[in-house]
Amino acid sequence: MFFSAEYPWKIPVPADLKYAINVHPTLLSEGKGMTLLPHLILKQSVYASVTLYKLSNEFDAGDVSPQKAISLDEQETFDSLSAKNLQQTPGL
């Protein structure tokens with residue numbers, strides 16, 4: 001099993017890897033892309049969340065598992081949103 005989170009490059013998935021899961025900070029499929037936390041804060045995005053999905057060889061295209069929306073505070077920072085994201089991940 002392989003887990004990734006907030007990684008700035010596409011991760012190639014070997015065919016023999018049974019489970020490869022990514023922790024993504026937006027609702028998929030609307031919020032695709034890399035390193036999105038700063039964009040979510042600057043735009044007060046409605047797509048902030050914790051999403052687990054199966055990594056595939058297509059970018060942000062694997063099967064989506066649970067998602068949990070996260071509200072953004074007016075004074076949200078990269079660190080505070082990262083902390084919210086990390087706090088919600090184990091429950092999913």
Side-chain angles (χ1 to χ4, degrees):
M1 179 176 278
F2 177 82
F3 277 95
S4 65
E6 197 58 32
Y7 192 72
W9 296 280
K10 172 73 179 97
I11 299 170
V13 181
D16 61 342
L17 184 61
K18 189 168 184 173
Y19 298 104
I21 305 296
N22 188 54
V23 180
H24 192 76
T26 66
L27 295 172
L28 290 175
S29 66
E30 294 87 354
K32 293 184 178 186
M34 298 183 301
T35 315
L36 292 167
L37 294 178
H39 301 285
L40 294 172
I41 294 164
L42 292 171
K43 294 180 180 179
Q44 288 290 305
S45 176
V46 297
Y47 300 124
S49 76
V50 177
T51 299
L52 301 182
Y53 73 93
K54 183 177 179 182
L55 286 176
S56 69
N57 285 314
E58 293 181 44
F59 196 72
D60 291 345
D63 295 336
V64 174
S65 288
Q67 299 187 93
K68 181 174 175 106
I70 295 176
S71 61
L72 297 177
D73 297 327
E74 287 185 27
Q75 302 300 317
E76 201 73 69
T77 66
F78 181 88
D79 290 339
S80 64
L81 185 53
S82 293
K84 287 179 180 181
N85 201 283
L86 291 171
Q87 289 172 344
Q88 296 300 321
T89 299
L92 292 177

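The structure displayed is predicted, hence computed values, not measured ones.
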Nearest-0.5 Å distance that lies between atom CD in Gln88 and atom CD in Gln67:
13.5 Å

Would you name the heavy atoms of Ser56 and Val13 that are closest together and state the gap between them?
O-CG2, 3.8 Å

Rounded to the nearest 0.5 Å, what separates atom NZ in Lys84 from atom OG in Ser49?
12.5 Å

By side chain to side chain donor-acceptor pair (under 3.5 Å), which residues pair with Thr89, not counting sequence neighbours?
none

What distance do Ser80 atom OG and Asn85 atom CG have between them, rounded to the nearest 0.5 Å?
11.0 Å

Ile70 with Leu86, same ILVMFWY side-chain cluster at under 4.5 Å:
no

Report the residue from Leu17, Ile21, Asn22 that forms a side-chain contact (heavy atoms from CB on, under 4.5 Å) with Phe2.
Leu17

